[in-house]
Amino acid sequence: MRPKIIKMKIETIIQSAVQEAVTELYYFSPDVTQIQVQNTKKDQKGDITIVVFPFVRISKKSPEETGREIGNYILKKVNSVESFEVVKGFLNLNIKNEYWINGLVSSFNESTFGIAEHSEDTKTVMVEYSSPNTNKPLHLGHIRNNLLGYSISEILKANGNKVIKTNIVNDRGIHICKSMYAWQQWGSDRTPENTGIKGDHLVGECYVEFNNHYKAEVDELVKQGMTEELAENNAPSMLAVREMLRKWEAHDLETIQLWHTMNGWVYKGFDETYKKLGVDFDKIYYESETYLVGKDEVLRGLDENIFFQKDDSSVWADLTGEGLDQKILLRSDGTSVYITQDIGTAKMRYNDFSIDKMVYVVGNEQNYHFQILAVLLDKLGFKWGKDLYHFSYGMVELPSGKMKSREGTVVDADDLIEEMISVARNMSAELGKLESLSQEEAENTFRMIALGALKYFILKVDPRKNMLFNPAESIDFNGNTGPFIQYTHARIKSVLRKAAEKQIELTIDIDIKELSTKEKELLKTISLFPEVVKDAGANYSPAIIANFIYELVKEYNQFYHDHSILLEEDAARRNFRLVLSATVAKIASSGMKLLGIEMPERM
RNA sequence: GCCUCGGUAGCUCAGUUGGAUAGAGCAACUGCCUUCUAAGCAGUAGGUCAUGGGUUCGAAUCCCGUCCGGGGUACCA
């Protein structure tokens, strides 16, 4: 067993050295926040930079002189520092090559470099994502949600948490009844089997059908002189749907059966899409099973005077003490509202698992909702209520603007994935790639590339921001894209295969002294990976991972272009470059895995 | 109205707790395959960081105002 080596980061060592230096030189102990240790900018000489300005006031000397004095001190105290240079107010330190090479060796050696393992104090985090309605198929908006949810789960795991992925399916309510009613009314012989239409799409079609008929009815009534509001509430199909919902809540057998059947179609369809997207769940909750629990919780709250009742017998929470408004929890007729089921779901989760932290991956239009939910759960006594984390992400917009289901301007998830695969297939044929692979292997690679492109495109942008998806342009395979990263990986794997063919074995005895600029850059970037994973976890941001991997493989491609690997005659250097390549491939893969993106061996 | 998030190159996006000359990709133009995969590499061009003030050695970043845009503010979900 290898003893556990506690490797101190060079930044940390330097930071305390600076503190020491300033204390000893100027008799003043600076605050840690004043000591800025950062990576030297690419266009400057040096590896680590210390900003001198904050100490000028203490030293009462020029920035240059202060920098020199601190630099000299560090040079004497920190072994890894080779030399330094002061440019303006910046102290640039050169770190010994040995240090970077040691870093490479450990990242090459450690199978889980940068990925934390579970420990004694592992926290259990539950991540809720996806959360679809069962009245229509998944679209691009859901894709962003699913990819973010899956990725953030992986990132939290990589930061040492135990993660339970969960999904709350909205399987009840008036919108589901609309699809059911349309099916009954305008073609009750349709099934996914006899129409050949995927179940969720069939139900979605019914939903659209309903809206078209309904709209026609409303228009007709308005033409007859009714006000719009009245017409909307009195259109025959709306009345029928309300009756259907009433029957559902009264457990009417026929209604429940139809509901089961149609939801079954939808689930089967969803499962296919989830599988294609490569996302999954450890536990799925259904709103039909949680909303009554929520209602009970609200009534308990009423009992315990946490909530109050108005004269019309509706139940409310007074959140004015928290700087929020009053919030309705049960309607005057006793039925539950949206937030009621969230309380119920929370309660069930609370009973089912020992959760330390709850993360909800839900769009930013629900910021207010989750602010309220946090307060309500806290009032009701759930320990993680107050600090639940709403992973609030921005919308996906199209060049034409917002996606609207009712206007048919949504990008369907299944269609999009198929289209991406077909683009990957054509692109491959055009480039004359993968001809040596079997049909099956080739298809699998097209799938990886297509999904890599889609996932990376979506995950590379800051989740908090709205993003634009242009179907015509977004399916790019060059530049800052998933396929670019996959391609670099395939290239490295190809080199490694050839090395193996030539019986060249990789060894961790790196016996070189000199490093080229590109080689050193790569070593420096590699060393950042663990920090990047932590950063991504702390900020709930797959984008941080994505941008890092891009940076890494971009640098690798420059290195690859400028240096021979297998043709290098010096065996030690050749070995170094092979280890370097293998490590880049490994880190890129493990980073992409955190994004849910697979890496092909060849492409 | 109030709350909230945003505005960086023609387009899509990065930009660390405030640090050096604001960076990538796409699109445009120009080079590089007899050599480990050209889905690559190199170069040219492209900016009043919405705007006006303030804080300071230093602001795309922090504070205040203004303009523009998204979202929220339901007995919808």
Side-chain angles (χ1 to χ4, degrees), chain A residues 32-34 36 38-44 49 51-54 56-57 63 87-90 92 131 133 170 173-175 287 310 312 314-316 323-325 327-333 335-339 341-342 363-369 371 392 394-395 397 399 402 424 427-428 430-433 449 453 457 460-462 464-470 473-474 476-488 490-499 502 531 535 539 543-544 546-547 550-551 554 557-568 577-578 581 602-603:
Chain A
V32 201
T33 54
Q34 281 183 290
Q36 298 176 51
Q38 48 200 240
N39 297 314
T40 305
K41 286 190 68 152
K42 290 263 161 65
D43 51 359
Q44 298 283 331
T49 293
V51 185
V52 180
F53 293 114
V56 171
R57 193 169 294 164
V87 182
K88 296 183 193 168
F90 299 93
N92 296 331
S131 313
N133 290 344
N170 182 358
I174 194 102
H175 42 291
E287 226 185 279
K310 289 195 178 173
D312 62 4
S314 56
V315 179
W316 296 72
L324 302 166
D325 292 328
K327 175 70 187 173
I328 189 157
L329 302 174
L330 290 176
R331 296 191 184 97
S332 50
D333 63 3
T335 59
S336 57
V337 295
Y338 179 52
I339 205 160
Q341 63 81 22
D342 260 329
N364 62 13
E365 72 267 5
Q366 295 195 28
N367 286 353
Y368 187 63
H369 172 81
Q371 211 181 328
S392 163
M395 289 186 309
E397 286 164 11
K402 274 188 74 174
M427 183 83 78
S428 242
E430 229 173 82
L431 296 169
K433 305 257 181 185
I449 296 169
F457 183 84
K460 79 172 175 186
V461 332
D462 184 339
R464 281 167 279 275
K465 291 188 180 171
N466 286 0
M467 65 176 291
L468 187 108
F469 188 90
N470 185 337
E473 290 171 11
S474 299
D476 207 331
F477 288 43
N478 302 316
N480 187 357
T481 65
F484 170 85
I485 294 164
Q486 292 171 319
Y487 173 71
T488 309
R491 260 179 158 182
I492 295 173
K493 287 296 174 169
S494 172
V495 172
L496 295 176
R497 274 195 301 273
K498 295 213 159 106
K502 292 184 178 180
E531 204 55 34
D535 201 21
N539 291 297
I544 290 174
N547 288 318
Y550 174 65
E551 195 61 37
K554 192 174 138 75
N557 278 326
Q558 292 166 359
F559 157 81
Y560 179 92
H561 183 264
D562 292 354
H563 302 76
S564 288
I565 301 168
L566 294 171
L567 296 178
E568 170 60 44
R577 289 185 181 158
L578 282 167
S581 299
R602 44 190 107 214
M603 68 183 272

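In this text, all values refer to a predicted model and were calculated from it rather than measured experimentally. Here is the naming used below: chain letters follow the sequence lines, and residue numbers restart at 1 for every chain.
To the nearest 0.5 angstrom, S494(A) atom OG is 12.5 Å from M603(A) atom CE. The line from NE2 of H369(A) to OG of S392(A) is 12.5 Å long, rounded to the nearest 0.5 Å. With values rounded to the nearest 0.5 angstrom, N170(A) atom CG is found 3.5 Å from H175(A) atom NE2.
Distances shown here put a side-chain N or O of K41(A) below 4.0 Å from the OP1 or OP2 atom of A20(B). Phosphate contact (OP1/OP2 of G40(B), side-chain N/O of K554(A), threshold under 4.0 Å): absent. At least one side-chain nitrogen or oxygen of K498(A) sits closer than 4.0 Å to the OP1 or OP2 atom of U37(B).
Here A77(B) presents its P atom at 15 Å from CD of E365(A), a figure rounded to the nearest Å. In this structure, R491(A) places its CZ atom 9 Å from C1' of A39(B), rounding to the nearest Å. In this structure, N364(A) atom CG and G69(B) atom P are separated by 18 Å, rounded to whole Å. Summarising the geometry, the separation between CG on L329(A) and C1' on C76(B) is reported as 15 Å, rounded to the nearest angstrom. When the P atom of U37(B) is taken as reference, atom CZ of F559(A) falls 14 Å away, rounded to whole Å. Taking atom OH on Y338(A) and atom C1' on G72(B), their separation rounds to 13 Å, with Å as the unit.
A distance of about 15 Å separates the C1' atoms of U21(B) and C49(B), rounded to the whole Å. Between the C1' atoms of U8(B) and A14(B), the separation comes to 10 Å (whole Å). A gap of 8 Å separates the P atoms of G25(B) and C41(B), to the nearest Å. Annotation: A22(B) and C13(B) have their C1' atoms spaced 14 Å apart (nearest Å). Only the P atoms considered, U73(B) is 28 Å distant from U12(B), to the nearest whole Å. Spacing between A77(B) and U17(B) at atom P, rounded to whole Å, works out to 40 Å. Only the P atoms considered, A60(B) is 14 Å distant from G7(B), to the nearest whole Å. A gap of 26 Å separates the P atoms of G23(B) and U30(B), to the nearest Å.
If you check every strand for non-hydrogen atoms under 4.0 Å, D462(A) touches sugar and phosphate atoms only. Within 4.0 Å (heavy atoms only), N170(A) reaches sugar-phosphate atoms of the nucleic acid but no base atom. Using a 4.0 Å heavy-atom criterion, one finds that Q366(A) contacts the bases of the nucleic acid, with or without backbone contacts as well. Using a 4.0 Å heavy-atom distance criterion, M467(A) is classed as a sugar-phosphate-only contact. Counting any heavy atom pair closer than 4.0 Å across all strands shown, T49(A) reaches a base atom. Within the nucleic acid shown, R602(A) comes within 4.0 Å of at least one base atom, counting heavy atoms only. Using a 4.0 Å heavy-atom criterion, one finds that S428(A) contacts the bases of the nucleic acid, with or without backbone contacts as well. In this structure, E551(A) reaches neither bases nor backbone, as no heavy-atom distance under 4.0 Å exists between it and the strands shown. Nucleic acid contact class of N92(A) (heavy atoms, under 4.0 Å, all strands): base. Here Y550(A) lies in heavy-atom contact (under 4.0 Å) with sugar-phosphate atoms only. Among the protein residues, L468(A) comes within range of the sugar-phosphate backbone only, with heavy atoms under 4.0 Å from sugar or phosphate atoms but none that close to a base. At the heavy-atom level, L330(A) lies nowhere under 4.0 Å from the strands shown. Base engagement by F90(A) is indicated by at least one non-hydrogen atom pair under 4.0 Å involving a base atom. Using a 4.0 Å heavy-atom criterion, one finds that M603(A) contacts the bases of the nucleic acid, with or without backbone contacts as well.
Using a 4.5 Å cut-off on side-chain heavy atoms (C-beta onward), K327(A) and W316(A) make no contact. No side-chain heavy atom of Y487(A) sits less than 4.5 Å from a side-chain heavy atom of F477(A). Looking at heavy atoms from C-beta onward, M395(A) lies in side-chain contact with K402(A) at the 4.5 angstrom threshold. Residues K433(A) and M427(A) have side chains not in contact (no heavy-atom distance under 4.5 Å, counting atoms from C-beta outward). Between T40(A) and F90(A) there is no side-chain heavy-atom pair separated by less than 4.5 Å. Between T335(A) and L330(A) there is no side-chain heavy-atom pair separated by less than 4.5 Å. Annotation: side chain of I492(A) is in contact with side chain of S581(A) (closest heavy-atom distance under 4.5 Å).
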Item to check | 5'-to-3' dot-bracket of RNA chain B (Watson-Crick, G-U; under 3.5 angstrom; crossing pairs as [ ]; | other strand) | outcome: (((((((..((((.....[...)))).(((((.......))))).....(((((..]....))))))))))))....
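Across the interface with RNA chain B, nearest-nucleotide mapping of Q44(A) and D333(A) shows Q44(A) to be the residue nearer the 5′ end. With the nearest nucleotide of RNA chain B identified for both V461(A) and N557(A), V461(A) has the one nearer the 5' end.
Listed candidates were U73(B), U37(B), G19(B). Nearest to the side chain of Y368(A) is U73(B).
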Checklist entry - For F53(A) and Q36(A), what are the C-alpha separation, side-chain angles and deciding distance, and is it a side chain to side chain contact (heavy atoms under 4.5 Å, CB included)? => result CA-CA 10 Å; F53(A) 293 114; Q36(A) 298 176 51; over 6 Å; no
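A donor-acceptor contact under 3.5 Å links the side chain of K433(A) to the base of U37(B).
Under the stacking criterion of a centre-to-centre distance below 5.5 angstrom and an interplanar angle below 30°, F53(A) sits stacked against the six-membered ring of G19(B). Both thresholds, 5.5 Å between centres and 30° between ring planes, are not jointly met by F484(A) relative to the base of A39(B), so the two rings are not stacked.
Partners of F484(A) according to the ring-ring contact (aromatic ring centres under 6.0 Å, His included) rule, which considers only residues two or more places apart in sequence or in another chain, are Y550(A).
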Could you list the protein-to-nucleotides 44-47 of chain B atom pairs, N/O on both sides, closer than 3.5 Å?
none

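Of the charged side-chain nitrogens involved, none lies within less than 4.0 Å of a carboxylate oxygen, so that D333(A) and R331(A) do not count as a salt-bridged pair.
Nucleotide C33(B) is shown with a syn base, its glycosidic torsion being within 90° of 0.
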